[in-house]
Chemist: 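Provided herewith is a single structure, encoded as structure tokens, for subsequent inquiry.
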Amino acid sequence: MVSTNPCSKVIIPKIDANGRVYKKPEKHIYTKEQAKEFMTILREAPMKYRVFFTLAIYTGCRRGEILGIEWKNIDFENRTIMIDHTSNYTAKNGIYTDATKTDKSTRLVDLPPTVIELLKAYKHDQDSYKANLGDKWQEHDRLFTKWDGSPMHPATPYSWLKKECERRSFPFYGVHTLRHFFASVEIEAGVDPTTVAAMLGHSTPQTTLTTYSHYFAESKKRASNIVADVLEGKDAG
């Protein structure tokens, strides 16, 4: 007598609306050259978008995590941001604050000096605007707000980026691609999966390995040639 179902381990492929086997869309990720061009575009952007997308590309944080950042989460002296909640939206609840995606998503993120200086300038601008607005300002301590200080809608950065990319004939891959770019650069630099997982706020390194398997394979391939390059003199100038 068979004690287990012989079909229990069979993976049934997903079928799309046209009856074809569903294939997960390929990730579109900016090249390093495109990322540098993107940063040039941001220099001319309104300050709030410049700061938002700079944080996205320098930290790899999720959109909701960035929108949830409050000024009290930033330690200017130690150059860190504490990611401990997110800002989300549903038609039923409107814009609301929620916990991070997983326990590991709550994390301390290091920032380079250039980003800290940008944040200081943004804080100065927001404080001046807030003073001029007076009683109309709603205090939420958020970095990213609507005109009256209330939390920014999660769709706003996406809409701005799409229009700006179209206006400049620059590739538009969505907001999340900046998280993928961050991860790909870290992996290419040889950062181990456990560290990359911690930086991205993944629940386990296995999530990182699965999500970015192609990049880790390429990194492993390059690493395998390091000893040969040294012994065969390929590292000589």
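Just so we're clear, the structure is a prediction, and the values are computed from it rather than from any experiment.
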Chemist: Return yes if a side-chain donor-acceptor contact under 3.5 Å exists between His180 and Tyr30, otherwise no.
Modeler: no
Chemist: So, for Tyr212 and Leu200, which heavy atoms are closest and what is the spacing to 0.1 Å?
Modeler: CE1-CD1, 3.9 Å
Chemist: Salt bridge check: are Lys32 and Glu37 linked by an N-O gap of less than 4.0 Å?
Modeler: no
Chemist: Do Glu117 and Lys120 meet the salt-bridge criterion of a basic N to acidic O distance under 4.0 Å?
Modeler: yes
Chemist: Would Asp125 and Ser128 count as having a side-chain donor-acceptor pair, cut-off 3.5 Å?
Modeler: no
Chemist: Is there a donor-acceptor pair closer than 3.5 Å between any side-chain N or O of Glu139 and the backbone N or O of Gly149?
Modeler: no
Chemist: Do the non-hydrogen side-chain atoms of Arg63 and Ser87 ever get within less than 4.5 Å of each other?
Modeler: no
Chemist: What is the ring orientation for Tyr129 with Trp137, classed by angle as parallel under 30°, tilted 30 to 60°, or perpendicular over 60°?
Modeler: perpendicular
Chemist: Does one side chain, of Ser184 or Glu188, offer a donor that lies under 3.5 Å from an acceptor on the other?
Modeler: no
Chemist: Within the side chain of Ser169, is there an N or O that forms a donor-acceptor pair under 3.5 Å with the backbone of Cys165?
Modeler: no
Chemist: Keeping Thr156 on the side-chain end and Met152 on the backbone end, is there a donor-acceptor pair under 3.5 Å?
Modeler: no
Chemist: Is Glu65 salt-bridged to Arg107, going by a charged N under 4.0 Å from an acidic O?
Modeler: yes
Chemist: Give a yes or no answer on whether the side chain of Thr195 reaches the backbone of Val191 with a donor-acceptor pair at less than 3.5 Å.
Modeler: no
Chemist: Do Thr100 and Thr106 have side-chain atoms, one donor and one acceptor, less than 3.5 Å apart?
Modeler: yes
Chemist: Distance-only, no hydrogens or angles: does the Gln34 side chain make a donor-acceptor pair with backbone N or O of Thr31 under 3.5 Å?
Modeler: yes
Chemist: Testing Thr54, Asp75, Leu119, Asn78 for side chain to side chain contact (heavy atoms under 4.5 Å, CB included) with Leu111, which one passes?
Modeler: Leu119
Chemist: Under 4.5 Å between any side-chain heavy atoms of Ile41 and Arg168, yes or no?
Modeler: yes
Chemist: Please tell me whether Thr97 and Arg142 have a donor and an acceptor in their side chains that are separated by less than 3.5 angstrom.
Modeler: yes
Chemist: Treating Ser203 as the side-chain partner and Thr102 as the backbone partner, does any N or O pair qualify as donor plus acceptor under 3.5 Å?
Modeler: no
Chemist: Which residue is it: Glu186, His202, Met199? I am looking for the one with a side chain to side chain contact (heavy atoms under 4.5 Å, CB included) to Thr208.
Modeler: His202
Chemist: Do the charged groups of Lys163 and Glu166 touch, with an N to O distance under 4.0 Å?
Modeler: no
